[in-house]
Amino acid sequence: MSSSGNEKNSQTFPSIELPDDSFEETLNPWRFSLIGRLNLQQIKFVDVFIILRNQWKLKGERKLIPLGRGFFTIKLENTEDRQYINEGIWEVTNQILQVRNWISNFRPENQRTSRAMLWVRFPGLGLEFWTEKILFKICKEFGNPVKLDAATEKCEVGYYSNVLVDVDFAKHIPNKIWIGTKFGGFFQNISIPDCPKFCHTCKILSHLITECRVEKSKNHTTGEAHM
């Protein structure tokens, strides 16, 4: 091994141990907090705050603190407000706020998921099928349905029905589904207009396989082997 390698491995870094009481004091102000997530490429964070503030009927104050990659801390003052937000469905410009419990040392760059909540369309589907019971049954074949949009509930526009679905992109998502009835069956197309980036190598959302560092490294290694 080279001397530079030895020097690199022998490097040491300063370290500290926080006393338990000091650490507990830092956690206390955040004990009622939540972590929220939205696609903030489509909306300004100040507008998110205004929209959510107008929807929430809270007992205490709230503070939204952006963390990066669409994540933000929702700082609250009591258990009731935390439970109220956790149990509700909050819509922000055609997005549904995703909420999880706050944890210490939460880091957006370490969050890896293959799931996304998004709107799924069924173009040309007959209006007689536009009920929550039927549409949810269809959506359960590839995800967890959450809600119908207002236009679908009221049958206002007949071009397509629209359902918010929690989809796991690591699993197979069909582009059509067979629907059988007593009068015969038919194939129904499935459309996801705002499909997020998903890497089939890493099995996570955030980038495409053409942007994947793992794939690029693999291809680079393969290229060197053939040289």
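Position 1 is the first residue of the sequence, and the numbers go up from there. Values below: every heavy atom of this structure, side chains too, minus hydrogens, waters and symmetry copies.
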Salt-bridge criterion met for E91 and K147 (N-O under 4.0 Å):
yes
With a 4.0 Å cut-off on N to O distance, would you call D166 and R115 a salt bridge?
yes
Walk me through it: do K137 and K133 pass the test side chain to side chain contact (heavy atoms under 4.5 Å, CB included)?
CA-CA 6 Å; K137 184 175 179 62; K133 185 176 181 179; over 6 Å; no
Is a side-chain donor or acceptor of [X] paired with a backbone partner of [Y] at a separation under 3.5 angstrom?
X    : Y    : value
W130 : E153 : no
N175 : I190 : no
Y160 : G124 : no
D47  : I43  : no
T181 : F183 : yes
E77  : E61  : yes
S33  : W102 : no
N189 : K176 : no

Are [X] and [Y] side-chain neighbours, meaning at least one heavy-atom pair lies under 4.5 Å?
X    : Y    : result
R121 : S161 : no
L40  : F71  : no
F122 : V163 : yes
F142 : H172 : no
I65  : F72  : no
L135 : T131 : no
F49  : N54  : no
I51  : V48  : no

For the atom pair [atom1] ([X]) and [atom2] ([Y]), what is the distance rounded to the nearest 0.5 Å?
X    : Y    : atom1 : atom2 : result
T26  : L18  : OG1   : CG    : 7.5 Å
I179 : I138 : CD1   : CD1   : 3.5 Å
I103 : L34  : CD1   : CG    : 12.5 Å
D81  : L58  : CG    : CG    : 4.5 Å
T93  : L38  : OG1   : CG    : 7.5 Å
W30  : L76  : CH2   : CG    : 10.5 Å

Evaluate the ring planes of W178 and F187, with Trp represented by its six-membered ring, and classify them as parallel (under 30°), tilted (30 to 60°) or perpendicular (over 60°).
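Ring orientation, 0 to 90° scale: perpendicular.
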Chi angles and distances behind the side chain to side chain contact (heavy atoms under 4.5 Å, CB included) call for Q98, I96:
CA-CA 6 Å; Q98 298 179 52; I96 296 295; 5.8 Å; no
Would you indicate whether D20, at its atom CG, is surrounded by more than 12 heavy atoms from other residues, nucleotides or ligands within a distance under 6.0 Å?
no
Counting only heavy atoms from other residues, nucleotides and ligands, does the tally under 6.0 Å from CZ of R53 exceed 12?
yes
Kindly indicate, with the supporting measurements, whether the criterion side chain to side chain contact (heavy atoms under 4.5 Å, CB included) is fulfilled by N162 and L148.
CA-CA 6 Å; N162 217 16; L148 310 183; over 6 Å; no
Where do [X] and [Y] come nearest, in terms of heavy atoms and distance?
X    : Y    : result
C139 : V165 : SG-CG2, 3.7 Å
R31  : N28  : NH1-O, 2.8 Å
Q55  : Y84  : O-OH, 3.7 Å
P108 : R69  : O-CD, 4.0 Å

Do you reckon [X] sits in the same ILVMFWY cluster as [Y], going by side-chain contacts under 4.5 Å, direct or chained?
X    : Y    : value
I192 : L164 : no
L125 : I177 : yes
L67  : F32  : no
V92  : V146 : no
F45  : I85  : yes

Side chain to side chain contact (heavy atoms under 4.5 Å, CB included) for F23 and E17? Distances and angles first, verdict last.
CA-CA 10 Å; F23 184 58; E17 289 291 331; over 6 Å; no
Can you tell me if N86 and N101 form a side-chain donor-acceptor pair at under 3.5 Å?
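Yes - a donor-acceptor pair under 3.5 Å links their side chains.
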